[in-house]
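What you are looking at is a predicted structure, and each value in this text was computed from that prediction instead of being measured.
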Amino acid sequence: MPCVRFFLSELHSWEWLGILLARLAFGSLFFLSGRGKLFVPERREQMRQTLVEDHVPFPAFNTLFVSTIEFVCGALLILGALTPIACVMITAITTTAIHNFKASCPLNWLAEFLYLPEVLYLVILIWLFFLGPGWISVDHLILS
């Protein structure tokens with residue numbers, strides 16, 4: 001048992017690496033997605049058209065608004081700056097991607113729901129929200 005206890009305590013000391021990788025991966029995902037929608041006209045038009053098809057009001061405004069949130073909050077996640085705020089803003093945007101779908105029974109609905117990549121995004125963003133950005137972050141530098 002001492003070997004297991006030692007292994008687990010050593011593993012816990014590397015927790016910062018998982019936090020850093022999650023922040024960098026998800027921050028990059030949203031930063032690059034927002035960047036494409038802001039600075040590539042074809043991607044911006046594709047986003048606007050999606051909002052029109054989904055009957056979102058003010059599609060031109062919301063295209064810029066959502067893209068800016070993704071871009072800025074993605075950059076904040078990469079830097080580990082204002083991490084809780086960035087997580088909340090991205091979570092709000094991500095939840096809009098989870099569509100209502102029909103399934104024959106609750107178990108099938110749950111299976112369909114958990115299959116969506118947005119669910120994984122939400123779980124990791126909630127984890128980062130509660131755990132914080134880790135010690136390799138702007139937040140840590142400012143608050144320490």
ILVMFWY network linking L120 to L77, side-chain heavy atoms under 4.5 angstrom: yes

Side-chain (R23) to main-chain (I136) donor-acceptor, under 3.5 angstrom: yes

Spacing of CD belonging to Q49 relative to CG belonging to D54, to within rounding of 0.5 Å: 10.0 Å

Check: D139 side chain, T83 main-chain N or O, donor-acceptor pair, under 3.5 Å: yes

Path from Y121 to L131 over hydrophobic side-chain contacts below 4.5 Å: yes

Shared hydrophobic cluster, L32 / L76 (ILVMFWY, side-chain heavy atoms < 4.5 Å): yes

Donor-acceptor pair, side chain of T50 and main chain of Q46, under 3.5 angstrom: yes

Minimum-distance pair of heavy atoms, taken over all atoms of P59 and L51: O-CD1, 3.7 Å

Heavy-atom side-chain contact between F26 and I90 under 4.5 Å: no

Rounded distance [0.5 Å steps], CD in E112 versus OG in S104: 9.0 Å

Partners meeting ring pair (Phe, Tyr, Trp, His ring centres under 6.0 Å) with F71 (sequence neighbours left out): F31, F39

For G34 against E70, the heavy-atom pair lying closest together: N-OE1, 3.4 Å

Residue pair W127 / I19, side-chain heavy-atom distance below 4.5 Å: yes

Sub-4.5 Å side-chain heavy-atom contact between V72 and M89: no

Minimal non-hydrogen separation, C87 against L128, with atom names: SG-CB, 3.8 Å

Least distance between heavy atoms, C73 atom then A86 atom: O-CB, 3.7 Å

Any donor-acceptor N/O pair, S67 side chain to L64 backbone, under 3.5 Å: no

Crowding at CZ, R43 (>12 non-hydrogen neighbours, <6.0 Å): yes

Common cluster, L20/W135, ILVMFWY with side-chain heavy-atom separation under 4.5 Å: yes

Least distance between heavy atoms, R44 atom then K37 atom: CB-O, 3.0 Å

Value rounded to 0.5 Å, distance of CH2 in W109 from CG in L114: 8.0 Å

Heavy-atom check, side chain of F129 versus side chain of L125, under 4.5 Å: no

V138 with I78, same ILVMFWY side-chain cluster at under 4.5 Å: no

